[in-house]
Amino acid sequence: MSLYRNTVWFLKGLQEYTKGGYEAAARSFSEADLEVNLSGRSFIITGANSGIGKAAACEIAKRGGTVHLVCRNEDRANEARKDIVERCKNENVHVHLVDMSSPRKVWEFASGFSQKHNLNVLINNAGCMVSQRELTEDGLEKNFATNTLGTYVLTTALIPTLKKSENPRVITVSSGGMLVQKLNVEDLQFEKGSFDGTMAYAQNKRQQVIMTEQWAAQHKEIHFLSMHPGWADTPAVQSSMPDFHAKMKNKLRTEAQGADTVVWLAISDAASRQPSGLFFQDRKAVSTHLPLASSRSSPSEDQKLMSKLEELAVKFKC
């Protein structure tokens, strides 16, 4: 079944996830959706020093939003801030240094941020794809720690702050790669069998989509949405998937094209009218499963994922 999923997914990707797929979808976009004045609205974007995160930050800053860049590397973060401020003519761009693979540091950041700032929109964009099984200093598998647990802790910690604001949203940048994975709640940190970094990443992305659905059901005051940016030519793709990048580089989307739906979900009135909990691609809600792929998990498995994440998160709470 995984061979079937992988084959169907790749053929779908060639048609929909490439630059050509974006251009075809964009013919039906409404330009007016993004004609929004964001002054007075506050946004956190994780992994915002390059790629899709930086492109989204720039679009939000251009429209007057206050942007908080959550990054791991100080030099790259400051360079990104300088570039965004110069290009977007907005000084309200702030850098916060956080390692998203460290749940303790994520809790600390969220706690400090909530005491000093308001927040309208959280964009969970940071991610990693480590090809060998590697443990963090906390003994957590690195892909899981960054992509899943980091996202879970940050979102959970900021929910009370988001609930105090007007029209609060949480956008999680997942991946169409999750379509090849069924949730495996019994092995969240890939301790069994051989390790495949690409499949670990896809499993994390499936987990993010389920987390989004679960949060949407639990917290009606906040709009939770997840999305697939398509196949974009970003530094992350170049470094983590060099063979894929070499073969596909002429067909890959630009960073701005990859970020388009992130921005649309984060700022447009049209997105706020969509039901909470959905998964988007090119401004449209799409299925979270391939046809006949047997990738659906049960409600009890989904709830077990949330319980296990909560159990892990609490261990690292400040």
Side-chain angles (χ1 to χ4, degrees), residues 1-17 124 127-134 140-153 155-156 170-218 224-231 237 240-241 244 275-281 284-313:
M1 187 54 80
S2 64
L3 176 61
Y4 166 80
R5 283 185 208 145
N6 289 341
T7 304
V8 172
W9 173 78
F10 189 70
L11 293 173
K12 179 183 175 69
L14 286 174
Q15 185 177 359
E16 298 178 16
Y17 301 166
N124 290 310
C128 73
M129 187 192 294
V130 180
S131 57
Q132 304 294 320
R133 190 172 190 276
E134 184 182 320
L140 301 165
E141 192 278 319
K142 193 162 189 178
N143 293 297
F144 169 79
T146 306
N147 303 328
T148 300
L149 188 59
T151 298
Y152 178 86
V153 170
T155 305
T156 300
V170 175
I171 317 302
T172 298
V173 180
S174 180
S175 167
M178 67 95 189
L179 292 169
V180 304
Q181 286 284 307
K182 178 182 178 181
L183 176 67
N184 181 2
V185 78
E186 301 306 328
D187 189 23
L188 294 179
Q189 299 194 56
F190 318 106
E191 295 165 287
K192 302 168 188 173
S194 58
F195 183 83
D196 182 324
T198 307
M199 289 301 104
Y201 178 82
Q203 176 70 204
N204 296 155
K205 294 298 170 177
R206 168 65 71 190
Q207 292 159 2
Q208 289 181 341
V209 167
I210 292 169
M211 283 153 52
T212 298
E213 293 167 348
Q214 293 292 306
W215 283 324
Q218 292 166 10
F224 290 92
L225 304 160
S226 59
M227 60 77 68
H228 172 39
W231 293 341
V237 169
S240 61
M241 303 175 72
F244 174 80
S276 188
L278 297 182
F279 177 68
F280 286 78
Q281 174 188 309
K284 282 187 179 175
V286 296
S287 176
T288 55
H289 300 278
L290 294 169
L292 307 174
S294 300
S295 55
R296 294 179 191 276
S297 49
S298 67
S300 64
E301 287 173 317
D302 295 348
Q303 287 161 16
K304 192 171 184 180
L305 169 68
M306 300 302 279
S307 297
K308 285 192 168 187
L309 291 174
E310 180 62 18
E311 195 179 305
L312 266 175

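Asn143 contributes a side-chain N or O that, together with a main-chain N or O of Val130, makes up a donor-acceptor pair within less than 3.5 Å. With Asn204 contributing its side chain and Asn147 its backbone, the two residues share no donor-acceptor pair below 3.5 Å. Remark: the backbone N or O of Gly197 is not paired with any side-chain donor or acceptor of Ser131 at under 3.5 angstrom. Gln203 places a side-chain N or O within 3.5 Å of a backbone atom of Lys182 that can act as its donor or acceptor partner. Listed for the Thr212 side chain is no donor-acceptor partner under 3.5 Å among the backbone atoms of Leu225. Listed for the Arg296 side chain is no donor-acceptor partner under 3.5 Å among the backbone atoms of Thr288. For the pair Arg206 (side chain) and Gln181 (backbone), a donor-acceptor distance under 3.5 Å is present.
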TODO: Evaluate side chain to side chain contact (heavy atoms under 4.5 Å, CB included) for Gln208 paired with Met178, printing each intermediate quantity in order.
DONE: CA-CA 9 Å; Gln208 289 181 341; Met178 67 95 189; over 6 Å; no
Open item on the list: Apply side chain to side chain contact (heavy atoms under 4.5 Å, CB included) to residues Val180 and Phe10 and explain how you reach the verdict.
Closed with: CA-CA 10 Å; Val180 304; Phe10 189 70; over 6 Å; no
- [ ] Go through Val185 and Ser297 one step at a time and tell me if the side chain to side chain contact (heavy atoms under 4.5 Å, CB included) criterion holds.
- [x] CA-CA 9 Å; Val185 78; Ser297 49; over 6 Å; no
TODO: Evaluate the side chain to side chain contact (heavy atoms under 4.5 Å, CB included) criterion for residues Met227 and Val173: first the C-alpha distance (whole Å), next the side-chain angles of each, then the deciding distance (0.1 Å), finally the verdict.
DONE: CA-CA 5 Å; Met227 60 77 68; Val173 180; 3.9 Å; yes
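Across Ser287 and Leu179, no two heavy atoms sit closer than the pair O-CD2, 4.1 Å. In this structure, Leu183 and Glu301 approach most closely via the heavy-atom pair CD2-O, 3.8 Å. Across Met306 and Trp215, no two heavy atoms sit closer than the pair CE-NE1, 3.7 Å. Here the closest heavy-atom approach between residue Tyr152 and residue Thr156 is recorded as O-OG1, 2.7 Å. A pairwise comparison of heavy atoms in Phe279 and Ser174 identifies CE1-CB, 4.1 Å as the closest pair.
Note that CD of Gln189 is 6.0 Å distant from CG of Leu312, once rounded to the nearest 0.5 Å.
Ring geometry for His228 versus Tyr17: interplanar angle over 60°, hence perpendicular rather than tilted (30 to 60°).
When the shell of 6.0 Å around CD of Glu191 is examined, it contains more than 12 heavy atoms from other residues, nucleotides or ligands. Within a 6.0 Å radius of CD in Gln15, no more than 12 heavy atoms belonging to other residues, nucleotides or ligands are found.
At a cut-off of 3.5 Å, with distance as the only test, a side-chain donor of Ser300 or Ser298 sits close to an acceptor on the other residue. Side chains of Thr148 and Gln207: a donor on one and an acceptor on the other come within 3.5 Å.
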